[in-house]
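Taking it in order: structure first as structure tokens, then the write-up.
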Amino acid sequence: DVASFLRIHRSRMAMEVLGDYLGEGGLGDEDYWKSIRYHYVRVISFVGMNIDQGLRHFLTSCGFRLPGEAQRVDRIMCTFAQCFWEDNDGDNQLCPFREQDTVYILAFAIIMLNTDLHKTDSGSHGGARSGRGGVLSSSKKSRKKMTKQEFINNLRGVEDSEEIPKEFLSGIYESIANHEIALHTLLSAAQQPQQEQRRGGRNNDQGNQHNVHTSKSVTKGVKPAQELLRGMAVHEYPFWVCRDESEMPLEYVKIAFRATWHHFHSIVNTVLDSPQTDPPIRLACLILLRYTIGCSIFLDMSVEREAFVSQLARLKYIMKRERSNHRQYNNPVQTSKKYVMEGRYKTEEWYITLEGFASSRETTMRAIEEVYRHVKTLRMAIQAHSRTTKSMNRVLRKIRNGDMLSQNASRAFICEGDLVKRCRGGRDVTYRFFLFSDQLVYAHRSTQRDFKVHAELPLDVMSLNDPYGTNTTGSNNRTTPNANSNNMASLMFQINHPRKSFWVVAPDMDAKARW
């Protein structure tokens, strides 16, 4: 139970703290701590890995950081050796050893080799000084690193009956030399895309890179859940075989849901932690929340219900922030965590109503209907946002350097069309006008078949003058330029802005009314 708890909540724990805890030995209760370590590590599958691959996975992807105290490291490595041996004993290709102790010794040797090959020379000097107090000169001979032959010689005689194959040890040395086991540079799934973005700049493949990051993030979130379920599988759960779901007792449904809900919770958390999420993934997440909250309400499982309802609250918060200007100042993914941890959503009307229905068996179906209603509202918002995003991207691809217009996350595209602009000299020029939620842009088509922007006019200081119709939103009554005919005059309206004011002619009355 303790090991399962650590796996469920490890994302909320510091890796150093978890590593220290797993390395505990206790006074007089060594078996207790050994059991926790074993059940935590045993759910990790090392099948199909050699000792180098298994140790890499163990030290970099299992939620903890190796502690600094030698005794704690020793206890953790003993448990790794036991689990690796259980998974690969008998496989002469991946585990060519005759006893478990060899795995333990070789694992320690690999860690020492990794430290020796990749330790910086400056760190090894430790700021040593010469006899007169001066710092050692830069010409000082650098620290000698372990050679492949020295590594092989150090492990000679480890196996009582025969030597470990030199080819096997040589492969391990080359792997460590070429690819360091990054014990002190672990990044969470949410941090990796951000740091790579800071390092790599921008390119035309950002969309594909984002999809890859999203896929890796979801996969990284699912794997711990798989390990968690594997660990919980050691308990005996009863099974009920039936042909019709109506025959299954609710108690068995409850057991199945209790054994698997962490899996769904982990997936939703991973998606919510992603800085950017595509609408289809978010919609799938929403459907998952609809069913998990409905199940937990119907089965009267309050802990599980609260866990999933808090995720629904977080999703509502993120979407609300994304539609507002606040996103320019606060990262909605990070602020949503604080919003949920502080329980602010529990004071909102939707949550109070839902909890009121869910707390009574007589109003269970009302509670489920309430959940479906909120999910439907969010689904419509996601779909609308998806359509807006697609149309926005379509328009920005037409405009030269259009990505500059996408920097305002709350900006939405409204419409586009050709209008004839009357210039000061009396010349009429046709421009393509693009109307966004916060500004008007007009451009002309270049020889490269894209649109080159002439001006961007914010809407908050703009007014319109329509002396030939009823749509006058401004008070500017400048004289109308001479029109060739009354028909053309009826199609004209004036755009007034502090930067520039001009008259435009729409192609017909419907287009004028739409603008």
Side-chain angles (χ1 to χ4, degrees), residues 201-204 206-207 276 279 321-329 384-469 471-476 478 480-481 483 488 490-515:
R202 306 176 64 178
N203 56 52
N204 294 330
Q206 283 182 345
Q276 292 179 329
R321 288 290 184 182
E322 286 177 344
R323 294 194 297 268
S324 69
N325 291 329
H326 289 289
R327 192 182 178 193
Q328 299 174 28
Y329 311 106
H385 179 68
S386 177
R387 290 192 295 269
T388 302
T389 302
K390 287 180 181 178
S391 62
M392 184 76 166
N393 292 337
R394 175 181 56 81
V395 168
L396 295 183
R397 284 195 294 270
K398 298 179 182 181
I399 302 174
R400 186 178 299 180
N401 298 324
D403 55 342
M404 299 296 292
L405 295 170
S406 65
Q407 293 181 355
N408 184 347
S410 62
R411 177 174 295 147
F413 169 72
I414 298 176
C415 66
E416 66 172 300
D418 289 337
L419 294 173
V420 177
K421 178 178 178 287
R422 179 148 293 184
C423 302
R424 291 180 179 178
R427 188 167 57 96
D428 290 343
V429 181
T430 300
Y431 288 100
R432 176 62 58 89
F433 283 74
F434 300 92
L435 180 61
F436 298 94
S437 56
D438 62 336
Q439 68 177 351
L440 179 68
V441 176
Y442 65 93
H444 77 276
R445 189 181 289 276
S446 70
T447 56
Q448 299 177 15
R449 309 304 297 168
D450 61 355
F451 288 97
K452 185 176 180 180
V453 174
H454 270 252
E456 302 176 24
L457 307 176
L459 299 182
D460 55 350
V461 290
M462 181 184 293
S463 64
L464 299 182
N465 183 26
D466 182 16
Y468 298 100
N471 292 332
T472 303
T473 58
S475 59
N476 194 317
R478 296 179 185 177
T480 308
M488 177 177 287
S490 65
L491 298 176
M492 298 177 69
F493 61 94
Q494 187 180 32
I495 296 175
N496 297 317
H497 193 274
R499 285 174 54 190
K500 56 174 60 183
S501 296
F502 51 86
W503 288 86
V504 292
V505 183
D508 52 54
M509 291 301 294
D510 289 339
K512 177 182 177 181
R514 184 164 63 97
W515 280 104

How long is the straight-line distance from CG of Leu396 back to CG of Asp403, given to the nearest 0.5 Å? 8.0 Å

Would you say the ring centroid of Phe502 lies under 6.0 angstrom from that of Tyr442? yes

Locate the shortest heavy-atom distance separating Trp515 from Gly417; write the atom from each residue and the value. CZ2-N, 3.5 Å

Kindly give the heavy-atom pair with the smallest separation between Ala412 and Met392, and that separation in Å. C-SD, 4.3 Å

Under 4.5 Å between any side-chain heavy atoms of Lys421 and His454, yes or no? no

Is any side-chain heavy atom of Phe493 less than 4.5 Å from a side-chain heavy atom of Leu419? yes

For Lys512 and Met492 the tightest heavy-atom approach is NZ-O, 3.2 Å

Which pair of heavy atoms, one from Asn496 and one from Ser501, lies closest together, and at what distance? CA-OG, 3.4 Å

Atom CE of Met509 and atom CG of Leu491: how far apart are they, to the nearest 0.5 Å? 6.0 Å

Thr389 side chain reached by His385 side chain, heavy atoms, under 4.5 Å: yes

Side-chain heavy atoms of Asn465 within contact of Pro467, under 4.5 Å: yes

Here the gap from Arg514 atom CZ to Asp508 atom CG, rounded to the nearest 0.5 Å, amounts to 9.0 Å

Got Leu440 and Ile495 here, is their nearest side-chain heavy-atom distance under 4.5 Å? yes

Is the side chain of Lys500 donor-acceptor paired with the backbone N or O of Leu457 at a distance under 3.5 Å, no angle test? no

Less than 4.5 Å apart, side chain to side chain, heavy atoms only: is that true for Val429 and Val420? no

Mind checking whether Phe436 and Phe434 have parallel, tilted or perpendicular rings, split at 30° and 60°? parallel

Hey, what do you get for CZ (Phe433) to CG (Asp418), rounding to the nearest 0.5 Å? 9.5 Å

Mind listing the closest non-hydrogen atom pair of Leu459 and Ser437 along with its distance? CD1-O, 3.7 Å

Name all pairs fulfilling the salt bridge (charged side-chain N to carboxylate O under 4.0 Å, His left out) condition that reach into residues 449-465, sequence neighbours left out, sorted by first residue then second. Arg400-Asp450

Ile399 versus Val453, closest heavy-atom pair with distance: CG2-CG2, 3.5 Å

